[in-house]
Amino acid sequence: MLIKRPKDILSSEITDESVYLKRRQLLMMAGIAATGVFAGQSVVATEAVDSGRGRVLPAVKKSHYSTSQEPNSWSDVTSYNNYYEFGTGKEDPARNSKDFNPRPWSVAVKGACDKPGNYNYEDLVSPHVLEERIYRLRCVEAWSMVIPWVGIPLASIIKRFEPNSDAKYVRFKTLHDPVRMPGQRRRTLGWPYEEGLTIEEAMHPLTLMAVGLYGRELPNQNGAPMRLIVPWKYGFKSIKAIAQISFTKKRPRSSWERSIPEEYGFYANVNPSVSHPRWSQARERPIGAGVFAGKKPTLMFNGYADQVASLYTGLDLRKNY
Ligand code: MTE
C-alpha cells in the first residue's frame, strides 16, 4: 500500500540528519532519550531488548476462535512486515526496530468513557488471562499469513474504561516519536498512524489486543508492546504500538483513509468482490507457500463471515468499503 516510493519523497519532507542528530544529542544530554507522549515516563529500560526472540508469556490458554490452518513460521511472521514507522520495505521493520525499547509503556485513554487516564502496560494486561488466537491475516496488498497471536479480547480491556452512550467509535493511535520511530521523520503518512472501529466492532469477541505471538512477547516489528488484531479486516486496520485509545461520537478517519480516500475506506472489510482501484482482491498470495504454490481465493470477511456478517446487515459494502 505504498503511496510514495522513497524516490518520490521531497528532500524538504525529510528531517535533515544533522538536525536530527543534534536534537537527539540534546535529548540525551537532558537525560531523556525519548520524547515520549507520556508524562513522567521513566526512560530506564526494565529489560534489555533482545534482538532474538522475546520472553515466553505465562499461562496462555488456547482459544476456540483459532483456525486449524497451519501457522506461518516464526521467520515468515517476523521478517515480512508492514510498519512504516520503521521503513517501507518488507524487511525494514525487523532491521530498523532492533533498538526500539517498548518498555516502559503506557496508553492514554480519552473521550466518552467514565474511566479515562494513563494506564501503564502492566496494569492493562495483568488482570487478564492471555489467549492464543491463531488467525488468518489478509493484507490489502493481496498477500496473507496465518499467525498464532497471544492477546486479550479487546472487549475485556475496553469494558474497564466504562465507555458511555456517546462512545460510538473507538480511535487508536500509535506512539508518535520520530526519535524512536525513524520512519516518522518521512512524510510517507500523516503521523501518528491512526485507526478506528465502530464500538460494536471493537467489542466483537474476535477483536484482539495482541501482546505476543508464538507464545512469546510481541517482537518490535510486529507492533510491540501491544497492537490490534481485527482478523476480518484488511491488515492495515490492525494498528501497532498503540499509545492512545479514544472513545468518540464522530467516526474517526484512519491514516490511510486520509492519505488516499479513493483507495482506503473506514470499514476495510476483506471482500473478494470489491477490487482495490489498482488490483483485484479476488485472490491472495499465501506467504511462505513457495513460488510455485500460486494464489488462492480470498474469502468474504477473510473466512470470518459466520461470526461478523451480522455487524453489517443493511450496509452497502460496495459503498462502505
Ligand atoms: N501499524 C502501524 N502503526 N504502522 C503500520 O505501518 N501497517 C499495517 C498494520 N499495522 C502498520 C500498522 C499493515 S498495512 C499491515 S498488513 C499489518 O500491520 C502487518 O502486520 P504484521 O507486520 O505484524 O504482519
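Since the model is a prediction, treat every value here as computed from it, not as a measurement. Order of appearance sets the numbers: ligands from 1, and atoms from 1 within every ligand.
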For this session: Report the member of Asn72, Asn82, Val77 with the shortest heavy-atom distance to atom 11 (C) of ligand 1.
Result: Asn82

Exercise. Counting each atom of ligand 1 from 1 as listed, which ones have a heavy atom of Thr174 under 4.0 Å away?
Worked result: 3 (N)

Problem set entry | Ser238 touching ligand 1 at heavy-atom level, < 4.0 angstrom | yes

Exercise. Do Lys240 and Glu85 meet the salt-bridge criterion of a basic N to acidic O distance under 4.0 Å?
Worked result: no

Problem set entry | Face-on cation placement of Lys237 at Phe266 ring, 6.0 Å and 45° thresholds | yes

Problem set entry | Interfacing atoms of ligand 1 (cut-off 4.0 Å, heavy-atom, Cys139) | 16 (S)

Problem set entry | SB check Glu141 Lys90 (cutoff 4.0 Å) | yes

Exercise. Should the proximity of Tyr193 to ligand 1, defined as any heavy atom under 4.0 Å, be assigned to the side chain, the backbone, both, or neither?
Worked result: side chain

Problem set entry | Per-atom contacts, ligand 1 versus Ile239 - under 4.0 Å to a heavy atom | 1 (N), 10 (N)

Problem set entry | Quiz item: cation-pi between Arg136 and Tyr304, 6.0 Å / 45° | yes

Exercise. Is there any N or O on Asn81 that sits under 3.5 Å from an N or O of ligand 1?
Worked result: yes

For this session: Anything under 30° is parallel, anything over 60° is perpendicular, the rest tilted; go ahead and classify Phe301 against Tyr312.
Result: parallel

For this session: Taking the six-membered ring for Trp and the full ring for Phe, Tyr or His, determine whether the centres of Trp256 and Tyr264 are under 6.0 Å apart.
Result: yes

For this session: Of all the heavy-atom pairs spanning Tyr135 and Pro205, show the shortest one and how long it is.
Result: OH-O, 4.4 Å

For this session: Kindly identify the option in Lys240, Glu85, Met181 whose heavy atom sits closest to atom 4 (N) of ligand 1.
Result: Glu85

Seminar exercise, completed: Within 4.0 Å of some non-hydrogen atom of Leu137, the atoms of ligand 1 are 24 (O)

Problem set entry | Check: Asn222 N/O within less than 3.5 Å of ligand 1 N/O | yes

Problem set entry | For Tyr84, atoms of ligand 1 separated by under 4.0 Å from a heavy atom | 5 (C), 6 (O)

Exercise. Once the angle between the rings of Tyr234 and Phe236 is folded into 0 to 90°, is it parallel (under 30°), tilted (30 to 60°) or perpendicular (over 60°)?
Worked result: parallel

Exercise. Is any N or O atom of Arg227, backbone or side chain, closer than 3.5 Å to an N or O atom of ligand 1?
Worked result: yes

